[in-house]
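Structure first, then comments.
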Amino acid sequence: MFEFVRILQLHCDSIEYTPTKKEIKSAEDITPETKKLDEVVVAFIAMEQGDDSETAKKAIGEIKTSMEKVGCKKLLLYPYAHLSSNLASPSLAFSLLKEMESLAGDCEVSRAPFGWTKSYNVKVKGHPLAESSKTIINESAGETHEGHPHEEGRTSEALKSESKIQSFWHIMTPDGEMHEVSKFNFAKHEKLEILSKYESAKKRVSDEPPPHVKLMKKMAIADYEPASDSGNMRFYPNGRLIKSLLERFVNDQVKEYGGLEVETPIMYDSHHPSMASYFNRFPARQYNINTEGKQLFLRFAACFGQFLMANDFQISYRNMPLKLYELTRYSFRREQSGELVGLRRLRAFTMPDCHAFCTDIPQAVEEMTKRFDLSQNVLKQVGINESDYEMAIRFTEEFYNENKSVIQNLVKKLGKPVLVEMWKERFFYFVLKWEFNYVDSLGKASALSTDQIDVENGMRYGIKYFDENNIPHHPIILHNSPSGAIERVIYVLLEKAALDQKEGRKASLPLWLAPIQVRIIPLKEEFLQHCETLADRITQKDIRVDIDDRNETISKRIRESETEWIQYSLVIGEKEVNQPNLSVRDRISGNVKEISFDDFVANIKEQTKEKPFTKLNLSRYVTKRPQIMV
RNA sequence: GCCAAUGUAGCUCAGCCUGGCAGAGCAUCUGAUUUGUAAUCAGAUGGUCGAGGGUUCAAAUCCCUUCAUUGGCUCCA
C-alpha cells in the first residue's frame, strides 16, 4: 500500500471548536477552551502509517500554494483522524503535525489540540476553490499526486477546481473564428448548445428513462445481469451478433488505416512502477483484485498493455508513426452507481483503442488528421452521421498558439461549430483532445470517437525510438478510439431508432446489423419444404434468413415480422411455389413487390456491401426458438 | 457516492392510500382452425408480491434495513 497525508481543506468565514474529552491516552495536555477564528483556511488532517517529514513538508507546501491562490493568510491545522482507516501512530502523527506547524512560515498558523474529541461549527465560503481534498503520497518518485485510485470516492477536488477555474470556453466556427459561448447564436445548433451548457445546465426535468433501455430488452439485444455488478451487461444472441459485427467492422477499418492488432492482459499489478505512476495521475475508480499477495486492477483502457509492449520494441524513426490497436473486451471503470444507465454508461465495456507513436508534434498532428477522418468514416458507416453528433475540442493555450491552423483545420473538416475548451496550463497528460458527442433526446451528452495528443506517457513508460543519429527519444502518443465504446454505439443506434418511432417513422437497424434480414412465412404447412429450400438458397448468399413456421395467421406473422424490425418478409403460398419470382414485403414502404430471386439478393447485397457478415445466430425455425423477450 | 421514485406471473401492468382468498392482457402449453401481407377462437399452466427483519389474530398492503432499476446532483483521464 501507499501512504498518505490526507487533507480536507476548507476556506472558511469562521470556525469555532471546543475540545470536549481526551480520545486517546497520549492526547495533548491542554486546558479545554472554545476557540473562534475568522477568515481562515482550515486543514483537517490525518497522518497515515509510513508518513514522514518528507510527506509533512510536501503537505504544508501544497496547503500554502492553495492559500496563496485564495488569498488567505490564516491557517488552522485540525487533526482529524476520520479521514483515514490506516492511521499513523499517535506519537508520529503528533510530531509530524507539529513539524507542519513550524514549516508554515509567514502565514498566521494555529493548531487544534491533538487526541481530543472536539465539537465544531464551521462556515465555509462558496467559491470554487473553497473546498478541496488533497492526498499527499509518500513514495520514491517524489512527486505530489492528487487523488488515489485505491481509495473509493476520494477524488481530488483541487485538481478539478483548478482545471475548471482556468479553462476558457468558446465556440469555434468552421471559418476558424472563436466566439464567446454566451454571445454565440445557437439558433441552428441546439444540440451544441446543450453540450456547451451541459455543466451549468439547469435541472432537466425528465422522469423518463432513456428510450433505448426498453428497446435493448424488447429487441432481445442486451439486459442487466443481476448476478454481476451493476453496469456489467448480458448480451443475448441478437446483441452478441450486432456487437460482433460492429467489432469486426471497427477492427477492419483500423487495420486498413494501418493499426497492428494486438491483445494484452485485462489485469495489471498496481505495484508495477509504470502502473502506479500512471494511474495515480488520475482519480480513477477501478476494480481491484487481490490474489496470492498481489494487488491487481482491471484495466480501464488498453493503454497499459500497449505501452508496456511498445516499451519492449526496438523502434526506429523509420517505423514511425507506429500504430498499435486493441479492441478491449473489456475495459472496466467502476463508475458511480448513480451514473449507470442502460448501454450509455457501463462499468464493463468494449472499446477500440488505437495508439500511434509519433516522433514529434508535427508528425502527431499529421497523423491525428488521418485518424479524424477514420473516426468520422467509421461512425458514418455504422449509421451515425455528422448531424448526429457535436464535436468538442480541448487544448492548452500554448498548443493553440503554436498550432492554431491545426485546430482550425479540424473544425473546418467537420463543417459546423465546435465547442472549445482552452486551458491556461496542462493538467492532464495530453495537450489536445477532441471528441464527438452524441446528445440524446433527454439532453445527455456521451462521447463517441476521441483522440488525444499525449506528451507524457512516452517518458513514463520508458518508450523510446531512435532518430537519424541513433539518439533515443520518447515518442508523442496519440490515443484514438475511432468509434468509442461499442455498447455506446448500440445505444446511439437504438436512441436514433426510438426517435424515429416517436416521430412516426419506422424504427430499424442498418440492414447489415439486423439479426434477421429476411423472414419467410409459409402460408400453409405444406409449403414448408419449399421455404426450407428457399432459405438454403438465401443463406448461401450470406444473408440471414429465418422461417416463421408457427401455426398463426398471416396477419399475425407479418405483424411480428414488423415489430421485430425485419426488413423483408416473404410469404410463400401456391403462387410462389409455382413461379420463380418472390413476393417481397418491404418494411420501409409496407408494399409487396414481385421480383426475381437474383434481383432480391442483389438489392440486399448492395445495401450491405463492404460490411462484415456473420451467420444467423438463432434457430432457423421460429418454433424452435426460446422466447427471450416479448 | 448523495437525494427521490419505482420493484407484484416470462413481459406490460392493476391491487397498496383504508391490512382480510394473488388479479388482467400478452407470452407459454393443449385443442380447434390451414390462413394471401400489422394481433383467429377456446381451455390450461404460471407468483417466496426484489431480499431480510419488525408490527399485527392476519402483511403485496404499515414500519425498518438492504439490493436493483430509473430520475436529479456529482462525476465522466
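All values below come from the heavy atoms of this structure, side chains included, with hydrogens, waters and symmetry mates left out. The chains referred to below are lettered A, B, ... by the order of the sequence lines, with proteins before strands, and numbering in each begins at 1. This one's a predicted model, so the numbers in the text were calculated from it and none came from an experiment.
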Partners meeting side chain to side chain contact (heavy atoms under 4.5 Å, CB included) with [X] (sequence neighbours left out):
X      : answer
A:S555 : A:T553
A:S561 : A:R519, A:I566, A:S569
A:A310 : A:L324, A:F357, A:I463
A:D586 : A:Q567, A:Y568, A:I588, A:S589

Q.
For a quick test of reading the model: is some side-chain N or O of A:S569 closer than 4.0 Å to OP1 or OP2 of B:rU37?
A. no
Would you tell me if any nitrogen or oxygen in the side chain of A:K433 comes within less than 4.0 Å of OP1 or OP2 on B:rA77? yes
Under a 3.5 Å cut-off for both contacts, is [N] paired Watson-Crick or G-U wobble with anything, and if yes, with which nucleotide?
N      : result
B:rC73 : B:rG1
B:rC57 : B:rG20
B:rG25 : B:rC11
B:rA68 : B:rU6
B:rA38 : none

Please pick, from [options], the nucleotide with the shortest atom-to-atom distance to any side-chain atom of [X].
X      : options                : answer
A:V571 : B:rU37, B:rU70, B:rG1  : B:rU37
A:E525 : B:rU34, B:rA77, B:rG36 : B:rU34
A:F300 : B:rG36, B:rA77, B:rU70 : B:rA77
A:S230 : B:rA77, B:rU69, B:rU74 : B:rU69
A:Q336 : B:rU70, B:rC75, B:rA77 : B:rC75

key: Mutual orientation of the aromatic rings belonging to A:F304 and A:Y268 [parallel < 30°, tilted 30-60°, perpendicular > 60°]   = tilted
task = Compute whether any side-chain donor of one residue and acceptor of the other, for A:Y621 and A:E532, lie under 3.5 angstrom apart.
result = yes
List the residues meeting side chain to side chain donor-acceptor pair (under 3.5 Å) with [X], not counting sequence neighbours, and say none if there are none.
X      : result
A:E526 : none
A:D599 : A:S596
A:R550 : A:D548, A:E560
A:S449 : none

Checklist entry - So what does A:E564 hit on the nucleic acid, given a heavy-atom distance under 4.0 Å: a base, only sugar-phosphate, or nothing? => result nothing
Residues of residues 338-348 of chain A with a heavy atom under 4.0 Å from any atom of RNA chain B, listed by number, are A:G338, A:E339, A:L340, A:V341, A:G342, A:R345
Can you tell me how far [atom2] of [N] sits from [atom1] of [X], to the nearest Å?
X      : N      : atom1 : atom2 : answer
A:K217 : B:rG7  : NZ    : P     : 14 Å
A:K524 : B:rU37 : NZ    : P     : 15 Å
A:R625 : B:rU28 : CZ    : P     : 13 Å

Taken in chain and number order and not counting sequence neighbours, the residues that satisfy salt bridge (charged side-chain N to carboxylate O under 4.0 Å, His left out) with A:E339 are A:R345
Per nearest nucleotide of RNA chain B, the residue lying toward the 5' end, A:D229 or A:E335, is A:D229
Contacts of A:L523 and A:P226 projected onto RNA chain B by closest heavy atom; the upstream (5') one is A:L523
Partner of A:D440 under side chain to side chain donor-acceptor pair (under 3.5 Å), picked from A:K496, A:K191, A:R344, A:H212, is A:R344
Whether each nucleotide of nucleotides 38-53 of chain B has a protein heavy atom under 4.0 Å at its base (B), only at its sugar-phosphate (S) or at neither (-) is summarised, 5' to 3', as BBB-------------
Pull out every protein N or O sitting under 3.5 Å from an N or O of nucleotides 3-6 of chain B, one pair per line with the distance.
none

